[in-house]
Amino acid sequence: MTGPTRDALAGVATLVAPNAPQVTERALAAHDDPGAYLRDHTDRLDERGIDEPFEGLPWIALVDALTDHGLLAEVDWKEAPDEIAGRLLALRSAPPADELWKSLAEIDLPTYEFLEAAGNRLLATGTALAVLDIESDCYPLVLLPATHADDLITLAVKAGFTAAVYGR
């Protein structure tokens with residue numbers, strides 16, 4: 001099954017996981033056959049309280065696949081800044097900027113304000129901090145080249161989902 005929605009979903013996956021085609025495959029599997037995806041990933045989806053197919057399943061599949069490949073950090077809405085900084089630094093897509101990460105870990109702000117400040121500082125390194133909104137009380141965070149930030153937002157909308165970039 002092809003179409004603009006599927007193509008946009010694949011585009012998002014490719015932008016945030018350019019060297020992990022398995023991420024795209026999992027998101028598209030959830031898009032193409034939600035029932036089979038649900039059966040194949042019951043335990044993982046159970047942790048999220050998902051027990052039947054729904055239109056957001058491909059986005060959840062994308063988030064879970066990115067997590068499995070070390071490309072997404074899912075943080076709580078009340079997470080401590082040093083914990084968020086540590087999780088972002090651990091991502092395979094994190095820029096190697098030791099001073100940046102050290103300074104981010106020392107910021108004492110509520111989560112959303114911290115993400116805005118971190119996004120602003122990361123943009124200065126050429127990296128965008130983005131959230132793949134799953135309509136939950138958490139922030140699924142990815143890092144990608146800043147030059148692709150607008151493409152991520154546009155493709156997410158075309159796929160029927162929401163992504164936002166912090167610090168802009």
Side-chain angles (χ1 to χ4, degrees), residues 1-95 101 111-112 114-115 118-119 122 127-145 148-149 151-166:
M1 175 186 300
T2 61
T5 300
R6 186 181 194 278
D7 292 345
L9 179 64
V12 169
T14 301
L15 278 179
V16 295
N19 298 315
Q22 307 89 336
V23 170
T24 303
E25 291 167 11
R26 273 184 54 191
L28 293 179
H31 176 275
D32 295 344
D33 191 347
Y37 187 85
L38 187 70
R39 284 188 301 277
D40 293 344
H41 299 274
T42 299
D43 292 340
R44 182 72 171 272
L45 294 170
D46 234 12
E47 294 170 13
R48 293 188 180 278
I50 299 170
D51 58 3
E52 60 185 45
F54 73 109
E55 66 184 35
L57 189 59
W59 202 242
I60 295 294
L62 174 64
V63 165
D64 287 346
L66 289 166
T67 300
D68 292 349
H69 284 84
L71 294 166
L72 183 138
E74 196 166 337
V75 301
D76 189 71
W77 70 279
K78 294 191 304 185
E79 198 81 48
D82 62 334
E83 181 66 26
I84 298 170
R87 288 189 188 180
L88 292 173
L89 175 59
L91 295 179
R92 290 180 25 210
S93 50
W101 295 111
T111 304
Y112 180 80
F114 170 81
L115 293 173
L122 282 160
T127 301
L129 171 61
V131 62
L132 305 181
D133 187 2
I134 59 170
E135 299 179 12
S136 178
D137 63 354
C138 67
Y139 295 93
L141 303 171
V142 295
L143 299 169
L144 69 153
H148 297 305
D151 294 336
L152 172 67
I153 294 166
T154 300
L155 287 168
V157 169
K158 287 180 181 178
F161 304 106
T162 303
V165 175
Y166 293 106

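For the single chain, residues carry numbers from 1 onward in sequence order.
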message = For the CG atom of D82 and the CZ atom of F114, what is their distance to the nearest 0.5 Å?
response = 8.5 Å
task = Output the distance between atom CG (L62) and atom CG (L72), rounded to the nearest 0.5 Å.
result = 8.0 Å
task = Could you walk me through whether D43 and E47 pass side chain to side chain contact (heavy atoms under 4.5 Å, CB included), step by step?
result = CA-CA 7 Å; D43 292 340; E47 294 170 13; 5.6 Å; no
ask   = Got a salt bridge between D64 and R48, using NZ or NE/NH1/NH2 to carboxylate O under 4.0 Å?
value = yes
task = Mark yes or no for whether T42, through its side chain, and L38, through its backbone, hold a donor-acceptor pair below 3.5 Å.
result = yes
inquiry  = Please check: side-chain N/O of H41 versus main-chain N/O of Y37, any donor-acceptor pairing under 3.5 Å?
reply    = no
ask   = Is any side-chain heavy atom of R6 closer than 4.5 Å to a side-chain heavy atom of L28?
value = yes
query = Within a radius of less than 6.0 Å around OH of Y112, do more than 12 heavy atoms belonging to other residues, nucleotides or ligands occur?
reply = no
message = Show the nearest heavy-atom pair for residues I134 and C138, with the distance to one decimal.
response = CD1-SG, 3.8 Å
request  = To the nearest 0.5 Å, tell me how far T5 OG1 sits from L155 CG.
outcome  = 11.5 Å
key: Heavy-atom closest contact (A27 atom, A61 atom, distance)   = CA-CB, 4.1 Å
remark   = Tightest non-hydrogen contact, residues A128 and A149, listed as CB-CB, 4.0 Å
task = Answer whether the closest heavy-atom distance between the side chains of L132 and T162 falls below 4.5 Å.
result = no
query = Side chains of T127 and L144: closer than 4.5 Å at any heavy-atom pair?
reply = no
ask   = Is the backbone of D133 close enough, under 3.5 Å, to the side chain of W59 for a donor and an acceptor to pair up by distance?
value = yes
request  = Return yes if some donor-acceptor pair links the side-chain N/O of T111 with the main-chain N/O of E79 below 3.5 Å, else return no.
outcome  = yes
message = Closer than 4.0 angstrom, basic N to acidic O: yes or no for D68 and R26?
response = yes
query = When rounded to the nearest 0.5 angstrom, what is the spacing between CG in D76 and CD in E74?
reply = 9.5 Å
query = Rounded to the nearest 0.5 Å, what separation is found between the OG1 atom of T14 and the CG atom of L152?
reply = 11.5 Å
message = Within the structure provided, determine whether L122 and P95 are in side-chain contact (heavy-atom separation under 4.5 Å).
response = yes
ask   = Roughly how far, to the nearest 0.5 Å, is CG of D51 from CG of L45?
value = 9.5 Å
query = Are side-chain heavy atoms of Y166 and L141 found at a separation under 4.5 Å?
reply = yes
ask   = Does the side chain of V16 reach to within under 4.5 Å of the side chain of V23, using non-hydrogen atoms?
value = no
inquiry  = Minimum heavy-atom separation for L9 and P58, please, with both atom names.
reply    = CD2-CB, 3.5 Å
query = Taking side chain as C-beta onward, heavy atoms only, is L71 less than 4.5 Å from L91?
reply = no
message = For Q22, I'd like to know if atom CD has over 12 heavy atoms of other residues, nucleotides or ligands within 6.0 Å.
response = yes
ask   = Are the side chain of R92 and the backbone N or O of H69 linked by a donor-acceptor pair below 3.5 Å?
value = yes
ask   = Would you say F161 and V157 make side-chain contact, with heavy atoms under 4.5 Å?
value = no
